Amino acid sequence: MSMPTIKAVRAFTVRGGGADYHDQGAGHWIDDHIGTPMGKYPEYRQSRQSFGINVLGTLVVEIEASDGTVGFAVTTAGEIGAFIVEKHLARFLIGRQVTEIEKIWDQMYFATQYYGRKGVVLNTISGVDLALWDLLAKVRGEPVHALLGGPVRDELQFYATGARPDLAKKMGFIGGKMPLHHVPAEGEEGLRANIEELATMRERCGDDFWLMFDCWMSLDLNYATRLAHKAHEYGLKWIEECLSPDDYWGYAELRRNAPKGMLVTTGEHEATRWGFRMLLEMGCCDIIQPDVGWCGGITELIKISALADAHSTLVVPHGSSVYSYHFVITRQNSPFAEFLMMHPVPDQVVPMFTPLLLDEPVPVNGRMKAGVLDKPGFGVRLNPDVKLHRPYAVG
Ligand SMILES: C[C@H](O)[C@H](O)CC(=O)C(=O)O
Ligand SMILES: [Mg+2]
């Protein structure tokens, strides 16, 4: 069977929400005194935007095939990503068959290795990879999950990430992960405030609802260990991303020190099979949380997930909307998924990448039927009302 070839690669940037979900307006829960590694500086404590969490913006990668089919994907990489796509990566795609995903990934990774390996370069490679999967699935007239082996369950179950687990419970989610608001530099008072918040949510949500803390790389080992033990009294299910992603040794120690029954999770800022190999072989966590838009795309997540499975470790991808749903529905070692609450309060469910995509599915009563994903590609369209900017158009 002759396959179409790749005719054009285009990279756009977008501001305001979308894949850079931290790029929100004023008053959003996601920018309200959340603990970060910059929290040691009082002037950067109240707002993550104050230290530039949203400087990148969204990158949209569009890939057009010789038969006119267009695949696309979105990730967090903005103008830097657009430069890398148009000036460097496009050469590995133009003229290739749409099936050559594995070879293209290998060439993108090793051609950028001298300045890449992680971070914005891997976000960008992920965006190209996801657009290739979208394109191939559209050419074949199938959903991406079918290319990955098909669903292993009838529906996805979600926990919600947001400042109000009590509201998430009312909306049918299986759990609520809240941001940790105070960092070690805020002392014992901050630690007490963190625990009081958990106690309040436990009171409102009852004993059986999952509650988790997302610590967004903001703690040190000693504080994380103390927090974990105090939070255990309130049945905290897991403690997430406590330390720097580079501190594999700290994570291994934290996992040894954590109270029995509490899970240690991390990995949303980790990338590639080599990065996750460190987390898995060093026994850093109970659940890995790769973001498919940052870790290397679907091509790399397949390898990361297989490695995790061999280490009896669950894979619950970070955010990433449809790109994650199409993967999670196909894997036994991904028993549930994350839904990031992007409503500012958040008292209602809105699409995670709002307003960038059309047809982006959302959980209903904390669940999503597999059939909702039965559309060609990732099943989403770019919203024509959102203004795209192409800074590095070639030719
Ligand atoms: C709420 C967290 O600080 C972050 O914005 C999202 C995240 O880490 C997660 O969803 O996990
Ligand atoms: Mg997180």
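Keep in mind that this is a model prediction, so the values were computed, not measured. All ligand and atom numbering here is 1-based and tracks the order in the structure.
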Should the pair E189-R192 be classified as a salt bridge under the 4.0 Å nitrogen-to-oxygen rule?
->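 Looking at E189 and R192, the cut-off is not met.
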
Does a salt bridge link R202 with E233, judged by any charged N lying under 4.0 Å from a carboxylate O?
->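 Looking at R202 and E233, the cut-off is not met.
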
Which residue and heavy atom of the protein sit nearest [atom], plus the separation:
| atom | answer |
| --- | --- |
| atom 6 (C) of ligand 1 | Y21 OH, 3.7 Å |
| atom 3 (O) of ligand 1 | R48 NH1, 2.9 Å |
| atom 10 (O) of ligand 1 | E338 OE2, 2.5 Å |

Which bit of E241 gets closer than 4.0 Å to ligand 1, counting heavy atoms only: side chain, backbone, both or neither?
->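 No part of E241 is near ligand 1 at this cut-off.
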
What part of E268, side chain, backbone, both or neither, has a heavy atom within less than 4.0 angstrom of ligand 1?
-> side chain

Does [Y] offer a backbone N or O that forms a donor-acceptor pair with the side chain of [X] under 3.5 Å?
| X | Y | result |
| --- | --- | --- |
| Q49 | Q24 | yes |
| S334 | V315 | yes |
| E338 | G319 | yes |
| R204 | D166 | no |

Distance-only side-chain donor-acceptor flag, Y248 / E270, under 3.5 Å =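 There is such a pair (donor and acceptor under 3.5 Å, judged by atom type) between the side chains of Y248 and E270.
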
For ligand 1, which atoms have a heavy atom of [X] less than 4.0 angstrom away?
| X | answer |
| --- | --- |
| I30 | 5 (O) |
| H318 | 6 (C), 7 (C), 8 (O), 9 (C), 10 (O), 11 (O) |
| L340 | 10 (O) |

Nitrogen or oxygen atoms of D214 and ligand 1 under 3.5 Å apart |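 Right, the criterion is met.
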
Should W29 be counted as touching ligand 1, given the test is an N or O pair under 3.5 Å?
-> no

Ring pair (Phe, Tyr, Trp, His ring centres under 6.0 Å) assessment of H326 paired with W133 = CA-CA 11 Å; H326 278 260; W133 281 91; over 10 Å; no

Taking ILVMFWY side chains as joined if any heavy atoms are under 4.5 angstrom apart, and letting links pass through other members, which residues group with Y159?
->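 Answer for Y159: I174, W210, M212, W238, L263, I287, L314, V316, F336.
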
Determine the sole option in I104, T112, D106 for which the side chain to side chain contact (heavy atoms under 4.5 Å, CB included) test with M108 is passed.
->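 Single side chain to side chain contact (heavy atoms under 4.5 Å, CB included) partner of M108 among I104, T112, D106: I104.
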
Would you indicate which of M178, K177, H22 comes nearest to atom 11 (O) of ligand 1 when only heavy atoms are counted?
->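 Ranked by closest heavy atom to atom 11 (O) of ligand 1, first place is K177.
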
Near the Mg ion (ligand 2) (protein N/O/S, cut-off 2.8 Å, waters excluded) we have D214 OD2, E240 OE2, E268 OE1

Assign the ring pair H88 / F92 to parallel, tilted or perpendicular, where the plane angle (0 to 90°) is split at 30° and 60°.
-> tilted

